[in-house]
Chemist: 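Have a look at the structure that comes next, please.
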Amino acid sequence: MTDNTQRPHDGHNSPAPELPTQYAPADVEGKLYERWVERGYFEADAASEKPPFTVVIPPPNVTGSLHLGHAFEHTLIDAATRRKRMQGFETLWQPGMDHAGIATQNVVERELAKDGKSRHDLGREAFIERVWQWKDESGGQISGQMRRLGDGVAWSRERFTMDEGLSRAVQTIFKKLYDDELVYRAERIINWCPRCLTAISDIEVEYQEDDGELVSIRYGEGEASVVVATTRAETMLGDTAVAVHPDDERYRHLVGTEIELPLTGRRIPVVADAHVDPEFGTGAVKVTPAHDPNDFEIGQRHGLPMPAVLDERGVITAHGPFQGLDRFEARSAIVGALRAEGRVVAEKRPYKHSVGHCSRCKTTIEPRLSMQWWVKVGPLAKPAGDAVRDGRVAIHPEEMTKRYFDWVDNLHDWCISRQLWWGHRIPVWYGPNGEMVCVGPDEEPPTGEGWHQETDVLDTWFSSGLWPFSTLGWPERTESVEKFYPNSILVTGYDILFFWVVRMMMFGMYAMDGTPPFQTIVLHGMVRDQFGKKMSKSFGNAVNPLDWMDTYGSDAVRFTLARGANPGTDVPIGEDWVQGSRNFANKIWNATRFALMNGATVDGPLPAPEELSAADRWILSRLNTVVAEVDAYYDDYQFAKLSDALFHFAWDEVFDWYVELSKTTFQAGGPAADVSRRVLGEVLDVTLRLLHPIVPFVTETLWTALTGGESLVVAQWPADGGFRDAAAEREIAVVQELVTEVRRFRADQGLQPGQKVPARLDLTGTALAPHEAAIRSLLRLQPEGEGFTATASLPVVGATVALDLSGTIDVAAERKRLAKDLAAAEKEKAQATGKLGNEAFLGKAPEPVVDKIRKRLATAEEDIVRITAQLAALPEA
RNA sequence: GGGCGCAUAGCUCAGCGGUAGAGCGCUGCCCUUACAAGGCAGAUGUCACAGGUUCGAUCCCUGUUGUGCCCACCA
């Protein structure tokens with residue numbers, strides 16, 4: 001980004017460090033990644049004795065490139081996997097891509113359209129050839145991005161849903177379903193996209209509120225007339241009845257009669273059907289069985305004809321003046337014609353109503369009667385629901401389980417056939433006399449006159465539903481299947497819980513003898529911009545993760561994403577935050593530089609506790625605590641929490657305090673310095689290990705420099721050694737309290753941070769005596785000189801610090817500060833006293849709480865005494 | 001129309017029956033020999049509103065308002 005070499009104060013007199021003063025991600029990331037891959041760290045060995053840890057990539061569409069949402073998902077998967085690898089698991093992070101039927105076909109067709117061609121100009125085979133060609137050209141983009149991000153995937157196992165092996169899996173499972181009568185062919189109303197020219201499943205339809213027009217039309221004449229309302233007037237050409245509720249008095253006389261259908265010269269029956277809501281509108285409904293799912297059912301119940309009046313492109317096919325018009329043109333033309341005949345009795349405009357759109361191309365969906373293949377989901381969904389119900393599969397966060405059940409318990413049959421060319425062609429052959437044969441992977445299709453294969457392909461989600469085991473070589477019972485199925489976790493967005501997760505659950509259990517495909521499902525949220533807004537290209541707030549990685553480094557992007565990953569909730573991310581993470585990486589960099597410059601060591605065992613200083617014991621105690629915390633957070637998939645815990649431990653405790661304290665020790669030299677060097681090395685060693693899964697690059701660079709170890713990727717994950725030292729933690733807390741208090745005083749007095757001040761410390765009666773040198777150094781306090789004149793004396797935490805300000809003390813400022821502190825302490829005292837005077841409180845509150853209040857009161861009283869003393873010690877203004 | 005969730009610092013979000021937290025932003029002083037991508041110090045909240053339970057409520061309950069998401073065949 002900017003040229004950093006111009007920093008004016010680059011320490012020219014500091015010992016030539018091996019590492020530059022700033023971390024430059026670009027210099028190391030690419031090299032490190034390639035080294036990791038070359039050494040085979042990410043490969044998974046099915047013959048390994050180690051326990052397996054398996055996770056699959058939610059396969060991205062070959063068409064695409066990765067966006068920030070992928071970067072987020074990959075960060076979580078990669079972090080979880082890297083930790084497991086360090087813990088000694090045989091890890092498989094399975095890479096691959098999805099052929100993404102409609103999406104990919106659309107992209108290639110668009111390319112063709114540039115040359116004025118359609119897929120039909122090429123023909124099926126040539127077109128598919130063309131798609132493969134396109135896939136080969138563009139598929140590399142995604143793996144390039146994954147490398148940049150640092151994804152530790154087993155590249156040798158990369159799979160594609162249209163691979164030969166995966167196609168075999170598809171064919172195998174289809175055949176099994178066919179033989180078990182769990183797939184069938186039926187004519188129904190399906191969601192049809194008039195642009196993609198294919199059926200799509202219910203969940204591929206996106207509903208949104210559109211402005212339409214509700215037109216009320218009078219069918220029939222005089223007594224024999226009813227008013228019906230519609231937003232799709234063009235479908236009236238296909239009406240074959242008017243339906244009313246059986247109990248509706250208003251229309252009872254008409255049921256069984258025929259009335260005139262305007263514009264057509266046809267007469268249609270009035271039927272009674274309980275589906276009609278008599279309260280809604282006029283209580284009479286026009287029935288278009290070929291173009292509406294409800295009407296289709298009414299039509300079936302009453303044996304009505306089901307003429308189609310729109311073709312696959314949404315053009316009117318019904319003979320007459322409207323033939324050849326597009327559905328929307330036809331709509332206004334028909335309303336116009338009806339109006340001219342005085343048939344329109346009411347119009348509501350705009351009329352907001354929910355309209356279905358193709359999730360791929362946003363074209364308005366047209367319900368259409370057609371012959372399709374279906375999966376009978378009932379028998380598959382039941383076990384998929386039970387596996388979660390009985391706890392064999394856990395969903396994180398738990399709140400999402402309800403959504404899962406809502407879905408899996410109310411599934412409709414799944415329309416799996418698509419009128420596309422790009423995809424797995426349905427392995428069914430039709431014979432000349434209506435025969436139907438499903439052909440398994442090792443079977444020969446029937447030959448002879450009149451046999452032909454089904455032209456439809458399968459829904460993309462059909463093959464992705466097999467992903468957790470098809471990638472392992474199934475249907476072969478490979479070593480990998482044995483070793484790595486079921487997957488340990490699945491990490492994916494809550495938005496594809498239904499599309500993908502449910503299908504994997506159903507197919508996994510069906511194919512693998514009832515074994516669910518994973519043990520734990522971890523659902524994450526969506527990445528949003530820094531204001532919580534959805535990222536989208538059209539809105540202009542979409543971010544290419546590569547741009548940020550270029551500027552700030554992959555670790556910064558990863559850390560920012562991990563730090564935002566609260567379970568199941570959306571993740572806002574802004575460039576400022578990435579910058580903050582970059583700063584953190586740089587901070588780690590410099591802290592380790594400091595350690596290296598001061599001879600921190602990782603060799604040999606840690607000194608025995610009795611050799612350690614209080615600061616050493618404090619930081620080691622904290623370190624072990626943090627190890628335990630981080631582990632607990634990992635086990636609960638709390639990526640935000642563990643990132644935050646590490647951030648604050650590293651920066652606030654290790655860097656801001658332990659490193660600062662160690663400076664004094666190093667300066668003094670001697671055995672204590674050696675001990676501290678070893679402890680500093682230990683603390684950094686462990687901290688870098690803990691951070692590695694989230695920020696692999698910077699930690700790897702530093703850790704190898706610090707320890708000379710081979711690689712953090714295969715280093716051991718730290719364990720909580722159980723070392724705790726509450727006394728040392730308290731002792732250092734007191735040091736911190738004193739230092740902070742005096743710093744505050746200094747700042748209020750307007751003393752420049754670097755300015756040395758003669759001071760006398762009276763630390764008697766406190767645990768602070770051994771820390772005098774450190775305290776003096778942190779506070780820039782000099783020994784008292786010849787004519788020492790204390791003008792300010794601060795009793796803090798039982799110790800006294802007398803500063804010689806040579807008469808320059810700003811009494812007013814200090815008085816103000818102390819007055820404020822005094823007021824706070826008095827308020828505190830009043831509150832605590834009030835509570836402790838409350839019988840009810842004393843009677844009912846648990847003892848620890850009461851105790852806490854007592855301590856608060858004691859502290860407040862001490863503070864009051866102390867501050868009062870300080871005030872009294874102030875010279876007159 | 002159902003279901004779920006959320007309202008906490010300027011922004012984005014944690015937290016949670018017992019003294020309000022983080023990141024970024026903001027203010028002041030400082031190139032203190034690891035780091036100015038830094039250090040030190042500091043300011044900032046009727047925890048949406050109204051009731052209730054409790055010794056005690058930001059947290060639990062009820063209602064109100066606002067807001068987001070998912071599902072649904074309402075012509």
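Order of the sequence lines sets the chain letters (A, B, ...), proteins ahead of strands, with each chain counted from 1.
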Chemist: Would you indicate which nucleotide in B/A41, B/U32, B/G18 comes nearest to any side-chain atom of A/Pro753?
Modeler: B/U32
Chemist: Does B/A41 have OP1 or OP2 sitting under 4.0 Å from an N or O in the side chain of A/Thr740?
Modeler: yes
Chemist: Looking at every strand, decide which applies to A/Val287 at a 4.0 Å heavy-atom threshold: base, sugar-phosphate, or nothing.
Modeler: nothing
Chemist: Taking B/U58 as the reference, what is the distance to B/A48 when you measure between their P atoms (whole Å, please)?
Modeler: 9 Å
Chemist: When all nucleic acid strands are considered with a 4.0 Å heavy-atom cut-off, which category describes A/Thr569: base, sugar-phosphate, or nothing?
Modeler: sugar-phosphate
Chemist: For A/Pro846, which contact category applies under a 4.0 Å heavy-atom criterion: base, sugar-phosphate, or nothing?
Modeler: base
Chemist: Quick one: label A/Asp656 by what it contacts on the DNA or RNA (base, sugar-phosphate, nothing), any heavy atom closer than 4.0 Å.
Modeler: sugar-phosphate
Chemist: Without decimals, in angstroms, what is the distance between A/Lys816 NZ and B/G42 C1'?
Modeler: 12 Å
Chemist: Atom pairs, N/O to N/O, protein against nucleotides 3-11 of chain B, distance under 3.5 Å?
Modeler:
none

Chemist: Just compare B/G18, B/C13, B/A34 and give me whichever is closest to any side-chain atom of A/Asn566.
Modeler: B/C13
Chemist: Expressed in angstrom and rounded to an integer, what is the separation of A/Arg528 atom CZ from B/U67 atom P?
Modeler: 16 Å
Chemist: List the residues meeting salt bridge (charged side-chain N to carboxylate O under 4.0 Å, His left out) with A/Arg343, not counting sequence neighbours, and say none if there are none.
Modeler: A/Glu221, A/Glu260, A/Glu341
Chemist: With a cut-off of less than 4.0 Å, is there a side-chain N or O of A/Trp651 near OP1 or OP2 of B/G39?
Modeler: yes
Chemist: Map A/Gly532 and A/Ala747 onto RNA chain B by nearest heavy atom, then report which one ends up closer to the 5' terminus.
Modeler: A/Gly532
Chemist: Show every ring-ring contact (aromatic ring centres under 6.0 Å, His included) that has at least one partner inside residues 555-579 of chain A, sequence neighbours left out.
Modeler: A/Phe559-A/Phe584
Chemist: Which pair of heavy atoms, one from A/Val335 and one from A/Ala233, lies closest together, and at what distance?
Modeler: CG2-CB, 3.7 Å
Chemist: Sequence neighbours left out, what pairs pass salt bridge (charged side-chain N to carboxylate O under 4.0 Å, His left out) with at least one residue falling in residues 276-289 of chain A?
Modeler: A/Asp239-A/Lys286
Chemist: Of all the base pairs, Watson-Crick or G-U under 3.5 Å, which form stems of three or more consecutive pairs involving RNA chain B?
Modeler: B:1-7 with B:65-71, B:10-13 with B:21-24, B:26-30 with B:38-42, B:48-52 with B:60-64
Chemist: Between the protein and nucleotides 73-75 of chain B, list the N/O to N/O atom pairs that are separated by less than 3.5 angstrom.
Modeler:
unit_1: B/C73; atom_1: O2'; unit_2: A/Asn294; atom_2: ND2; d: 2.8
unit_1: B/C73; atom_1: N1; unit_2: A/Asn294; atom_2: OD1; d: 3.3
unit_1: B/C73; atom_1: O2; unit_2: A/Asn294; atom_2: OD1; d: 3.2
unit_1: B/C73; atom_1: O2; unit_2: A/Asn294; atom_2: ND2; d: 3.2
unit_1: B/A75; atom_1: OP2; unit_2: A/Tyr351; atom_2: OH; d: 3.4
unit_1: B/A75; atom_1: O2'; unit_2: A/Ala229; atom_2: O; d: 2.6
unit_1: B/A75; atom_1: N6; unit_2: A/Asp277; atom_2: O; d: 2.7
unit_1: B/A75; atom_1: N6; unit_2: A/Phe280; atom_2: O; d: 3.1
unit_1: B/A75; atom_1: N1; unit_2: A/Asp277; atom_2: N; d: 3.4

Chemist: Taking only side-chain N and O atoms of A/Lys587, does any of them lie within less than 4.0 angstrom of OP1 or OP2 on B/G39?
Modeler: yes
Chemist: Between the base of B/A37 and the side chain of A/Gln22, is there a donor-acceptor distance below 3.5 Å?
Modeler: yes
Chemist: Could you check if a side-chain atom of A/Tyr23 sits within less than 4.5 angstrom of a side-chain atom of A/Ile588, using non-hydrogen atoms only?
Modeler: no
Chemist: Got a sec, which pairs hit salt bridge (charged side-chain N to carboxylate O under 4.0 Å, His left out) with one end in residues 525-536 of chain A, sequence neighbours left out?
Modeler: A/Arg528-A/Asp570
Chemist: Please report the distance, rounded to the nearest Å, between CZ in A/Phe559 and C1' in B/C24.
Modeler: 14 Å
Chemist: Does A/Phe745 reach the side chain of A/Arg817, with side-chain heavy atoms less than 4.5 Å apart?
Modeler: yes
Chemist: Send over the distance from A/Glu575 CD to B/U12 C1', rounded to a whole Å.
Modeler: 16 Å
Chemist: Tell me, which pairs form a side chain to side chain donor-acceptor pair (under 3.5 Å) where one or both residues lie in residues 822-846 of chain A, sequence neighbours left out?
Modeler: A/Glu828-A/Arg856
Chemist: Please find the pair of heavy atoms, one from A/Ala825 and one from A/Ala860, that lie closest to each other, and give the distance.
Modeler: O-CB, 3.7 Å
Chemist: Among residues 827-840 of chain A, which ones have heavy-atom contacts with RNA chain B below 4.0 Å?
Modeler: A/Glu828, A/Lys835, A/Asn838, A/Ala840
Chemist: With nearest nucleotides of RNA chain B determined for A/Gly580 and A/Asn590 from heavy-atom distances, which residue corresponds to the more 5′ nucleotide?
Modeler: A/Gly580
Chemist: Does A/Arg780 place a side-chain N or O at less than 4.0 Å from the phosphate oxygens OP1/OP2 of B/U32?
Modeler: no
Chemist: Expressed as a whole number of angstroms, how long is the span from A/Phe405:CZ to B/G2:C1'?
Modeler: 20 Å
Chemist: Does anything in residues 293-302 of chain A pair up under side chain to side chain donor-acceptor pair (under 3.5 Å), and if so which pairs, sequence neighbours excluded?
Modeler: A/Asp273-A/Arg301, A/Asp273-A/His302
Chemist: Can you check the A/Arg746 CZ to B/G28 C1' distance for me, whole Å?
Modeler: 15 Å
Chemist: Can you tell me which nucleotide in B/U19, B/A34, B/C71 comes closest to the side chain of A/Phe594?
Modeler: B/A34
Chemist: Is there a side-chain contact between A/Val215 and A/Met236 (heavy atoms, below 4.5 Å)?
Modeler: no
Chemist: Counting side-chain heavy atoms from C-beta on, which of B/A34, B/C24, B/C40 comes nearest to A/Val659?
Modeler: B/A34
Chemist: A/Lys663 NZ to B/U33 P: how many Å, rounded?
Modeler: 8 Å
Chemist: What's the closest nucleotide to the A/Phe498 side chain, out of B/C24, B/C71, B/A34?
Modeler: B/C71
Chemist: With a cut-off of less than 4.0 Å, is there a side-chain N or O of A/Lys641 near OP1 or OP2 of B/G15?
Modeler: yes
Chemist: Go through the structure and list residues passing salt bridge (charged side-chain N to carboxylate O under 4.0 Å, His left out) with A/Asp27, not counting sequence neighbours.
Modeler: none
Chemist: Determine the contact category for A/Phe655: base if any of its heavy atoms lies under 4.0 Å from a base atom, sugar-phosphate if only primed atoms, P, OP1 or OP2 are that close, otherwise nothing.
Modeler: base
Chemist: Report yes if at least one side-chain N or O of A/Ser643 is closer than 4.0 Å to OP1 or OP2 of B/A22; otherwise report no.
Modeler: no
Chemist: For nucleotides 43-47 of chain B, give me every protein contact, N/O to N/O, under 3.5 Å, one pair per line with atom names.
Modeler:
unit_1: B/A43; atom_1: OP1; unit_2: A/Lys820; atom_2: NZ; d: 3.0

Chemist: Taking the C1' atom of each, how far is B/G5 from B/C24, in whole Å?
Modeler: 26 Å
Chemist: With a non-hydrogen cut-off below 4.0 angstrom, is A/Arg563 in contact with a base, only sugar-phosphate, or nothing?
Modeler: sugar-phosphate
Chemist: Any N or O donor-acceptor pair under 3.5 Å from the base of B/A14 to the side chain of A/Gln638?
Modeler: no
Chemist: Let's see if you can work this out: which of B/A34, B/G18, B/G23 has an atom nearest to the side-chain heavy atoms of A/Phe647?
Modeler: B/G23
Chemist: Compare every heavy atom of A/Thr687 with every heavy atom of A/Ala650, then report the nearest pair and how far apart it is.
Modeler: CB-CG2, 4.2 Å
Chemist: Mind calculating the distance between NZ (A/Lys756) and P (B/U32) to the nearest angstrom?
Modeler: 10 Å
Chemist: For B/C29 and B/U64, measure between their C1' atoms and round to the nearest Å.
Modeler: 49 Å
